[in-house]
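Here is the structure we will look at.
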Amino acid sequence: MDFAATIFLMLLLLTNYTLCHGCIASERRALLRIKRHLIDSSNMLADWRTGNGDCCEWLGVFCDSGTGHVTELRLGSSNDTIALAGTHGRLKLGGKLNPALLDLKSLSYLDLSNNDFDHTRIPDWFWNLTCNLQYLNISGNHFQGNVPDFLTNQASLVLDLSFNNFTGSLPAISLNVTVLDLSNNAFSGSMSRFLCHKMHRMKLEVLSLGGNRLSGEIPDCWEKWGSLVAIELCDNNFSGTIPGSMGALTSLQSLHLRNNTLAGVMPGSLSNCTELLTLDLSANRFSGEIPPWMGERLSKLIIISLGSNMFQGRIPDQICGLTCLQILDLSHNNLSGNIPSCIKNLTAMISRNKSDGKISYKTSKGCFSDNIAVTMKGVVFDYSSTLKLIKLVDLSDNNLTGEIPEEMTRLIGLLSLNLSRNHLVGKIPGNIGAMNTLECVDLSENSLSGEIPESMNRLTFLSYLNLSCNNLSGQIPSGTQLQTFSSSSFLGTELYGPPLTNASRYSKIVAPISSNVGENVDTGTQVNWFFICTECGFLFGFLCVFFYVWFTDKLDSCIFRIHSRLIS
């Protein structure tokens, strides 16, 4: 081998060694400058130091194996890489952002989420990073300031700026942004500039704008956004109606409009969104009847949340055709008629899921998990990671009549059943004990009668029970289950036995009623025969003792003894 070939081979080996065993020197220096401006009270970045030459081995740093360039910085405190450092994700960085980030020319992935950049204003230069980035996550900090338009030329860009303090109007985005999460900030104004006047079909698949101060009507110009898989506009100040052009979103799987001031009826065009898994329209002012096409066209629905609106009419039988449905919340409306007996056909409520607890929707950037707020045990819970495990029927606070259908007891996978504050009559279904996964049962403020079925003692997971304000009678079934609840679960009934005592039974006559009790219950006067009979018995016994003492000349001592017992 000649001398030139030997030199070439040595240089090639040296180059390969350098690429395989160390990052680019200039990028190592850039990382050290970045660290200099960070507050690292937990010494998480201890191996980011001059003497430790291979920056590709530093915590949170990932390099291209072929070039040695830094391609990813994963410094989010909830990131798996950081969690493995030893504090289960509780380590947090603070301080300031250093423009040396711009020197990482091959950086495509930056995660600084859930740190503690307390009230830091994002510098203008920072947004230049999005020209090269494909993933940017700075969520869960306290960053402030305005957000500029994102007119990136990247093939795709995932942006998560949620849970910060960003203000101003929504930024415009280019057609290459695929995921945009601006939720839980302080953005204000209208959506019109953001949504309308697009010349090309947008690639955006996930749009999350919940928890801001956006107002005005939801614009009727969704035709160019046909790639959307998930829309989250909850907790804003939107008014008006659901625009008909949303029916053009035929790939939509998740629609959340909860807690705005939207009104009107559900547009028939939504029946075109046949891929929907989640429909959350709760806490608005929607009216009209629940459309039958929901059960006929939206056959993949897993979650229907229409609570706290002004829907009226009957629950359509077509809802029973939704065999994937796991959460049905129609509470706090003006619905009337009977509970349809075909509810037994909601087969997804028959068994517990043993698979992943998340409800996810697929996008080109992977799967994203859905979340929803549901009320169980009188408390609002926000479910995400275990959402698929929740099976719930909430028809409370309506004007439903008739009996609880026995067929409902076939939904043996239910965790929560709330039929309270209606006008239901008849008995509690005798086979309710078959629903042995129930954790919450609320049948209060109806006109249910008869005894509590013995089978309720088989509900061993039950941790919340409310049967109050009904016409139930008889002894509370004895055992280990029903006696674990407080007497308030049975007040306002003719029931007796533990956990009720004489004092707690009488307390239903004099106890004050809270402001949210009895709004849908007949306020007419009713005779409490049990109370009258008890009082008569007491009076009869007292007179017997009185006359006995009178004739034995011991009245004074008897009165003293009775009075002593009363005040003791």
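Basis for what follows: all heavy atoms, side chains included, without hydrogens, waters or symmetry-related copies.
Atom CZ of R285 is surrounded by 12 or fewer heavy atoms from other residues, nucleotides or ligands within 6.0 Å. Atom CZ of R49 has more than 12 heavy atoms from other residues, nucleotides or ligands within 6.0 Å.
Taking every heavy atom of both residues into account, D317 and P340 meet most closely at OD1-CB, 3.4 Å. The two residues N212 and N185 make their nearest non-hydrogen contact at OD1-C, 3.0 Å. For S360 against S369, the heavy-atom pair with the smallest separation is OG-OG, 3.9 Å. The two residues S305 and I372 have their closest heavy-atom pair at CB-CD1, 3.9 Å. The nearest pair of heavy atoms linking S245 to E223 is CB-OE2, 3.4 Å. The minimum heavy-atom distance linking N333 with F311 is given by the pair OD1-N, 2.9 Å.
Side chain of K300 to backbone of T274: no donor-acceptor contact under 3.5 angstrom is found. For D103 (side chain) and L101 (main-chain N/O), no donor-acceptor pair under 3.5 Å exists by modelled atom type. The backbone N or O of L45 lies less than 3.5 Å from a partner atom in the side chain of K35, making a donor-acceptor pair. A donor-acceptor pair is defined here as one N or O able to donate and one able to accept, closer than 3.5 Å; no such pair exists between the side chain of N141 and the backbone of T120. A donor-acceptor pair is defined here as one N or O able to donate and one able to accept, closer than 3.5 Å; such a pair exists between the side chain of T437 and the backbone of L414. W58 places a side-chain N or O within 3.5 Å of a backbone atom of D47 that can act as its donor or acceptor partner. Looking only at distances, no side-chain donor or acceptor of Q253 sits under 3.5 Å from a matching main-chain atom of Y361. With hydrogens and angles ignored, the 3.5 Å screen pairs no side-chain donor or acceptor of R33 with any backbone N or O of A100. No donor-acceptor pair closer than 3.5 Å links the side chain of S42 to the backbone N or O of M44. Not one N or O on the side chain of K203 forms a donor-acceptor pair closer than 3.5 Å with the backbone of S227.
Annotation: side chain to side chain donor-acceptor pair (under 3.5 Å) contacts of N98 (sequence neighbours excluded): H37. Residues that satisfy the disulfide bond (SG atoms under 2.5 Å apart) test with C342, not counting sequence neighbours, are C320. Take C273 and apply the disulfide bond (SG atoms under 2.5 Å apart) test, not counting sequence neighbours, and it matches no residue.
Screening residues 205-237 for disulfide bond (SG atoms under 2.5 Å apart) gives C196-C221 as the qualifying pairs, with residues at least two apart or on separate chains. Residues in residues 172-203 take part in these ring pair (Phe, Tyr, Trp, His ring centres under 6.0 Å) pairs, two or more places apart or across chains: F194-W225.
Using modelled atom types, one finds no donor on one side chain facing an acceptor on the other under 3.5 Å when comparing D111 with Y109. Inspection of the E205 and S364 side chains reveals an N or O donor paired with an N or O acceptor under 3.5 Å. The closest side-chain donor-acceptor pair between T250 and N272, if any, does not fall under 3.5 angstrom. With 3.5 Å as the limit, one finds a donor-acceptor pair spanning the side chains of H332 and D397. N146 and T167 form a side-chain donor-acceptor contact under 3.5 Å, judged by distance and modelled atom types alone.
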Inset, instruction - List the steps, then state whether side chain to side chain contact (heavy atoms under 4.5 Å, CB included) holds for L136 with F150. - result: CA-CA 12 Å; L136 174 62; F150 293 103; 5.5 Å; no

Inset, instruction - Go through L107 and L133 one step at a time and tell me if the side chain to side chain contact (heavy atoms under 4.5 Å, CB included) criterion holds. - result: CA-CA 6 Å; L107 190 66; L133 289 177; 4.0 Å; yes

Legend entry - C63 vs C56, disulfide (SG to SG under 2.5 Å): CA-CA, chis, key distance, verdict: CA-CA 6 Å; C63 298; C56 293; 2.1 Å; yes

Show me the donor-acceptor pairs, under 3.5 Å and distance only, between side chains in residues 256-268 and residues at least two apart or in other chains.
unit_1, atom_1, unit_2, atom_2, d
H256, NE2, S254, OG, 3.2
H256, NE2, D370, OD1, 2.8
R258, NH1, D280, OD2, 2.9
N259, ND2, D235, OD1, 2.8
N260, OD1, N236, N, 3.2
N260, OD1, N237, N, 3.3
N260, OD1, F238, N, 3.1
N260, ND2, L233, O, 3.1
N260, ND2, L257, O, 3.1
N260, ND2, R258, O, 3.3
T261, OG1, F238, O, 2.9

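Among L180, V147, L195, L182, the single residue meeting the side-chain contact (heavy atoms from CB on, under 4.5 Å) criterion with L170 is L182.
Within the 4.5 Å cutoff, the side chain of V70 has no heavy atoms near those of the I24 side chain.
Note that the OG1 atom of T178 and the CE atom of M202 stand 11.0 Å from one another [nearest 0.5 Å]. We find the CG-OG distance between L209 and S162 to be 11.0 Å, quoted to the nearest 0.5 Å. Atom OG of S308 and atom CG of L281 lie 12.0 Å apart (nearest 0.5 Å). Between L277 atom CG and L255 atom CG the span is 12.0 Å, to the nearest 0.5 Å. Of the inter-residue distances, the one linking S287 atom OG with N309 atom CG reads 8.5 Å to the nearest 0.5 angstrom. Atom-to-atom distance recorded for L325:CG and I304:CD1 is 5.0 Å, nearest 0.5 angstrom.
Taking the six-membered ring for Trp and thresholds of 30 and 60 degrees, F143 and F166 have nearly parallel ring planes, at less than 30 degrees apart.
We find that R193 and D149 are joined by a salt bridge, their nearest charged nitrogen and carboxylate oxygen being less than 4.0 Å apart.
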